[in-house]
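Data first, discussion second: the structure below is written as structure tokens.
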Amino acid sequence: MIARLQALERSEPLGECVYATLRDYLRAGRVAHGQPLQEAALALVAGDGEAAAAAMRAHLEQAKRILVDKIRRS
């Protein structure tokens with residue numbers, strides 16, 4: 001007998017959750033505009049400029065994808 005598998009609900013992609021939270025924090029004043037993101041700041045503290053730059057590029061690419069998606073849905 002073949003067991004039936006139940007469908008799993010997929011959660012929202014992590015990147016979208018992070019940016020939704022960041023937007024909420026910005027709107028609520030919990031994070032100031034222009035405040036560096038933690039990954040980049042931690043990489044700089046560790047002396048890894050390349051990792052900091054990579055973190056910022058990743059954040060910007062994700063933000064761009066979300067923005068373009070929102071504009072297309074409007």
Side-chain angles (χ1 to χ4, degrees):
M1 178 174 185
I2 298 176
R4 295 184 116 193
L5 296 176
Q6 293 183 354
L8 296 176
E9 290 188 30
R10 295 184 88 180
S11 60
E12 187 176 17
L14 180 59
E16 290 186 28
C17 291
V18 168
Y19 279 95
T21 302
L22 178 59
R23 284 192 307 270
D24 292 343
Y25 280 16
L26 287 168
R27 288 181 185 131
R30 293 176 67 183
V31 175
H33 290 277
Q35 182 175 338
L37 298 173
Q38 288 182 349
E39 294 88 343
L42 292 173
L44 286 173
V45 168
D48 192 348
E50 288 184 20
M56 290 305 299
R57 279 193 298 274
H59 283 292
L60 291 171
E61 285 298 320
Q62 181 67 18
K64 179 181 174 183
R65 283 192 292 274
I66 291 169
L67 178 61
V68 168
D69 184 52
K70 298 287 183 189
I71 291 170
R72 287 182 181 156
R73 290 182 187 180
S74 301

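- Shown here are the side chain to side chain donor-acceptor pair (under 3.5 Å) partners of R65, two or more places apart in sequence or in another chain: Q62.
- Legend: residues meeting side chain to side chain donor-acceptor pair (under 3.5 Å) with D69, ordered by chain and number and at least two apart, are R73.
- Here the CZ atom belonging to R4 is positioned 10.0 Å from the CD atom belonging to Q6, to the nearest 0.5 angstrom.
- The distance from the CG atom of D24 to the CZ atom of R27 is 6.5 Å, given to the nearest 0.5 Å.
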